[in-house]
Amino acid sequence: MAYQPLHRSPSQTQVLQEVLDRATSGEMGVCVLDLDGCLFDSRHRQIHILREYASHTGDARLWAVQAQHFTNWIMPDTLRAAGVPIALAEDLQEFWFERFFDGEYVLYDHAMPGAAELVRRLHKSGCEIVYLTGRHRAMHLGTEEALRRSGFPYDVPRTRLITKPSFEQDDTQYKDHALEEISALGEVVLFMDNEPANVNLFHARHPEAMVVFVETDHSPKPIHAVASLPRIRGFLM
Ligand SMILES: [Mg+2]
C-alpha cells in the first residue's frame, strides 16, 4: 500500500482532531512520534540515491522512478513498478545501503504535508515532544538538521530526539527499551508510528494512550496492527 501524503478524509480529520484533543487535555502529556514513514516521507531519500547512482553509472533508466513506485521495502518491486529492469536492484544494492543509513542523506526526505504543523500545535499546547526513531546514532546530527529545516519543534524546551544506539539493534526492542526512559518524562498520551509491531507494543505498554497507526509503508514482517487502533494515511485535516 503506497504512501498518500495528500490524503484527506472525514475519518482522518476525526483522528487528527482527537489527537489534538487528547494531547491537550492531559497535564504535561508526552507525545512519542516516529520519523521514517511517519512524520517524514523517506521515499525522496531513495529517489535521490537512485538518481545519484544513475549519474555515476550513466544508466538513465533509473530516473523513471517516482515516489508512487515505492509500495513496500522491496527494491525489485519498486523498479518493476517504474518499468526499470529489476536486475538493476542487485547492482545498486551496495551503493544504496551506504547512503540510505547516512545522516547526510536524511536531508533529502520530505516532511509529510501537515505533520510539522500538527507537532507545533501539540508542542504549543504544552506537550513534551519525543521523536523516537529507528535511525541509528550516526544519523542523529543529520536528523536534527532535518527536523529544523522542516519546521518541527526542536532546540526548544520539551523536545528531544532519541536515536538507536547501534545499527544492528532490532527497532521494536530498542523502542520498547526507550519507553522506560520516556515514561519518566510524564504521562504518555500519544504514539504515532507506521510499523505494526511498534504500534502493537505501544498499545500493550500504554493502553490508556492514543496510539495511531500511520498507514504508509512498513517492514515485511507478517504482523498486523491491532484492528481497533485509529489509522491515518497523512496529516492533512
Ligand atoms: Mg517508521
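Remember, it's a predicted structure, so these values are computed and weren't measured experimentally. Counting starts at 1 for both ligands and their atoms, in listed order. Computed from heavy atoms alone, side chains included, the values below leave out hydrogens, waters and symmetry copies.
Both Phe97 and Leu92 sit in one connected hydrophobic cluster of ILVMFWY residues. Membership requires side-chain heavy atoms under 4.5 Å apart, directly or through other members.
For the Mg ion (ligand 1), the nearest N, O or S atom contributed by Asp34 is named OD2. The N, O or S atom of Asp36 lying closest to the Mg ion (ligand 1) is O.
The environment of His56 atom NE2 is dense: over 12 non-hydrogen atoms of other residues, nucleotides or ligands sit within 6.0 angstrom.
Using modelled atom types and a 3.5 Å distance limit, the side chains of Thr78 and His69 yield no donor-acceptor pair.
One of the N, O or S atoms belonging to Asn194 lies under 2.8 Å away from the Mg ion (ligand 1).
Both tests do not hold together for Arg148 against Phe152: distance to the six-membered ring centre under 6.0 Å, angle to the ring axis within 45°.
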